[in-house]
Each structure stands twice: as C-alpha cells, then as structure tokens.
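Before any comments, here is the structure.
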Amino acid sequence: MSELKSYAVWDASTRWFHWINAICVIALASIGTVILNADALGIPSKPGMVTLKTVHVSFGYILVLNLLWRIVWAFIGNRYARWSAILPGGSGYFQALRSYIAAFIAGRPEHYLGHNPAARLAVTALFLVIITQAATGLVLAGTDLFFPPFGQWIAEWVAAPGVAPETLVPYAPEMYNTAAYEEMRTYRSTFLTIHLYNFYIVVAMVILHIVAVVITELREGGNIISAMFTGRKVISGRPVDEPGNDVN
Ligand code: HEM
C-alpha cells in the first residue's frame, strides 16, 4: 500500500465561503418555510411578517456578499478554488468524467485533490441555483420591503401623489398609488414564483450534496468532509490533479 501524503487544498477564503454559505442557506430555507406557512401559523402582517422578511433578507445580504466574494476569489484563489477547477468542460474533461465514474463503480476510485469531474457538475449546478435564488430574492426585497438595491426605484414607482418615496413602509396601502402598486405586484409575481420553485430545488440539491459527500467519503476512504475545515486532504497514491500531473 502506498504511503499517505497530506496536501494543502482548500484555501481559507474557500473554506469560509463554504461554511458561511451553508449557514445562510439553512437559515434562509428555515425562515422561508415559516414565511411560506405564515397564514397557517397565524402570523400577522405587522409586525410579524415584516420582521420575518427583514431577518430573511439580512441573511440574504450576507449570502449575496459572500457569493460575490467567492466569484471574485474564483479568479484569484489557489488552483483548486478557480473556475478552471470548478466548471465542467475544458480539455480532457469528458474523458476524465468517464474514467472517474468507471473507476468509482468498479470500486477502485480515482483520487482528486480538488473537485472530481462529477463534483464539478454538482458544484456548478449548486452555484447556479443559489445565484438564481439570490437574484430573485433581491428583487423581492425591493418590491416588498423597499430594501436595496432596487427598493428606491420601486418606491418611486408606487408612491402615491404627495408621498415621498423614501418614506414608504411595507404593508401600508394608504401610502401607495393603487394602480401602480397593482402593476408592480403583477411584475413581481414572476420573481416570487421562481424564488418559490427554486427553493424546492435548492433544498433537494443541498440534501443530495450532503448524501454525495458522505458516500464519497465512505467509498473513497478519504477525508473530504474534514478537509473543508482544515483545508488539507490526506491521500494515498498519486492524485489525478496533483500539481505536475498534466491531467487537469
Ligand atoms: C438559498 C437561499 C434562499 C432560500 C432557500 C429562500 C427561501 C425563501 C422561501 C421559501 C420564501 C417564501 C416564498 C413564498 O412566500 O412564496 C422566501 C421569501 C422571500 N425571500 Fe428568500 N430565500 C433565499 C434567499 C433570499 C435572498 C438572498 C433574498 C434577498 C436578499 C431573499 C428575499 C426574500 C423575500 C423578500 C421574501 C418574501 C417574498 C414574499 O413572500 O413576499 N431570499 N424565500
């Protein structure tokens, strides 16, 4: 049996991103579930719903800032944090994917330091659904609570004549121009529908992600879960994407 070797893989920014994102998604999905069931739970519009939505959006801003930093970091971080190690595609990708799946099924898994070819598909899909959730969430925050970045523009759209847009508060119909408000709510409903259905996709993908990570850890006998805390992976044999190994 070849000797075990320890490698520095996930840099500090990538690890912080991962855990801040995980906490935000769990908090957002939990508060979102309460918002969704507010009527059944007997939560009043004011102050109950406004408070719930304000807390939800506060976690949302943390998620968005964290995500923006990760997008920048994918250009400047270490080789395992970069787009080239995240996005599927590039030279030899499909062959590497086939080889990884065949070896995994045969019970002789290939070891990767960064994301394996199958994980690259999963991580890209996770990024896409979370970006969709964040983008629609920012529109909802503007159209419901008049919060940035779109809130000022929405307030100018719906304020009743003689009411200063910056003084608008949620759930105060007497401050709104009824026709403009109805028009805005129609426009917003598309974003709410996407935010709602994509929420189910986010939850399903998070569950799938956790199951896949646990199965991979058990099948490959590696330490991919603790590596997201320590940054280091301990691997026996030569990893496919080891620096100097030209496969990646
Ligand atoms: C993974 C992240 C997120 C999840 C899982 C999530 C989940 C949910 C769910 C389930 C709802 C209830 C939908 C409904 O009432 O039909 C909701 C509502 C809402 N979300 Fe999110 N959300 C996320 C991110 C965000 C972000 C980043 C923002 C904004 C910065 C945001 C802003 C809102 C707002 C304003 C509402 C209230 C919409 C309304 O009912 O009028 N969300 N979210």
Side-chain angles (χ1 to χ4, degrees), residues 9-10 14-37 56 59-60 62-64 66-67 70-71 73-74 80-90 93-137 192-231 233 235 239-241 248:
V9 177
W10 306 125
T14 303
R15 283 179 276 148
W16 276 103
F17 162 76
H18 179 271
W19 293 116
I20 292 172
N21 187 61
I23 291 168
C24 287
V25 169
I26 292 168
L28 284 158
S30 308
I31 302 165
T33 304
V34 178
I35 296 175
L36 206 51
N37 295 291
H56 184 80
F59 275 105
I62 300 173
L63 178 134
V64 168
N66 193 43
L67 199 57
R70 183 65 185 88
I71 288 169
W73 194 249
Y80 306 108
R82 294 195 174 215
W83 290 123
S84 56
I86 296 172
L87 299 178
Y93 172 75
F94 289 102
Q95 206 204 325
L97 180 64
R98 268 199 303 275
S99 163
Y100 176 82
I101 293 171
F104 190 87
I105 292 169
R108 290 176 279 97
E110 292 173 346
H111 292 291
Y112 277 79
L113 291 176
H115 298 300
N116 67 52
R120 277 160 71 167
L121 284 173
V123 171
T124 301
L126 274 167
F127 268 123
L128 287 176
V129 292
I130 290 177
I131 288 169
T132 303
Q133 200 65 1
T136 50
L192 184 58
T193 306
I194 298 171
H195 200 73
L196 176 62
Y197 287 109
N198 194 55
F199 154 70
Y200 295 118
I201 299 174
V202 170
V203 171
M205 287 189 59
V206 166
I207 293 169
L208 209 65
H209 170 65
I210 295 168
V211 171
V213 165
V214 170
I215 291 176
T216 306
E217 168 115 16
L218 293 175
R219 283 292 294 268
E220 299 189 0
N223 63 330
I224 65 168
I225 296 173
S226 60
M228 208 29 103
F229 291 97
T230 63
K233 282 193 183 174
I235 286 179
V240 181
D241 56 346
N248 201 18

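Computed from heavy atoms alone, side chains included, the values below leave out hydrogens, waters and symmetry copies. This structure is a prediction, so every number in the text was calculated from the model and none was measured.
Atom CD1 of Ile131 sits about 10.0 Å away from atom CG of Leu63, to the nearest 0.5 Å. Interatomic distance, NE2 of His195 versus CG of Asn198, reported as 8.5 Å (0.5 Å rounding). For the atom pair CZ (Arg120) and CG (Leu87), the distance works out to 8.0 Å, reported to the nearest 0.5 Å. Put simply, CD1 on Ile23 and NE2 on His18 are 10.5 Å apart, with the number rounded to the nearest 0.5 Å. A distance of 13.0 Å separates CH2 in Trp19 from CG in Asn66, rounded to the nearest 0.5 Å. One finds the CD atom of Glu110 at 10.5 Å from the CG atom of Asp241 (value rounded to the nearest 0.5 Å).
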Please tabulate, for side-chain N and O atoms in residues 217-229, each donor-acceptor pair with protein atoms closer than 3.5 Å (sequence neighbours left out).
| unit_1 | atom_1 | unit_2 | atom_2 | d |
| --- | --- | --- | --- | --- |
| Glu217 | OE1 | Ile224 | N | 3.3 |
| Glu217 | OE1 | Ile225 | N | 3.0 |
| Arg219 | NH2 | Phe104 | O | 2.7 |
| Glu220 | OE2 | Tyr100 | OH | 2.6 |
| Asn223 | OD1 | Val234 | N | 3.1 |
| Asn223 | ND2 | Arg232 | O | 3.4 |
| Ser226 | OG | Asn223 | O | 3.3 |

Please lay out, stage by stage, how Lys233 and Trp10 fare under the test side-chain contact (heavy atoms from CB on, under 4.5 Å).
CA-CA 9 Å; Lys233 282 193 183 174; Trp10 306 125; 4.0 Å; yes
Before giving the answer on side-chain contact (heavy atoms from CB on, under 4.5 Å), spell out for Thr132 and Val202 the whole-Å C-alpha distance, their side-chain angles and the decisive distance to 0.1 Å.
CA-CA 10 Å; Thr132 303; Val202 170; over 6 Å; no
Pair Ile31-Phe59, side-chain contact (heavy atoms from CB on, under 4.5 Å): steps then yes or no:
CA-CA 10 Å; Ile31 302 165; Phe59 275 105; 3.9 Å; yes
Going through the checks in order, is the side-chain contact (heavy atoms from CB on, under 4.5 Å) test met by Arg70 and Ile86?
CA-CA 12 Å; Arg70 183 65 185 88; Ile86 296 172; 3.4 Å; yes
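Counted within 6.0 Å of CH2 on Trp16, heavy atoms from surrounding residues, nucleotides or ligands total 12 or fewer; the atom is thus considered open.
Side-chain atoms of Tyr197 and Ile201, non-hydrogen and from C-beta on, never get closer than 4.5 Å to each other. By the 4.5 Å heavy-atom criterion applied to side chains, Trp83 and Ile71 are counted as neighbours. Residues Ile26 and Val206 form no side-chain contact, since every pair of their non-hydrogen atoms from C-beta on lies 4.5 Å or further apart.
Each of Thr33, Leu28, Ile194 was checked for a side chain to side chain contact (heavy atoms under 4.5 Å, CB included) with Phe199, and the lone residue meeting it is Thr33.
For Tyr80 (side chain) and Ala85 (main-chain N/O), no donor-acceptor pair under 3.5 Å exists by modelled atom type.
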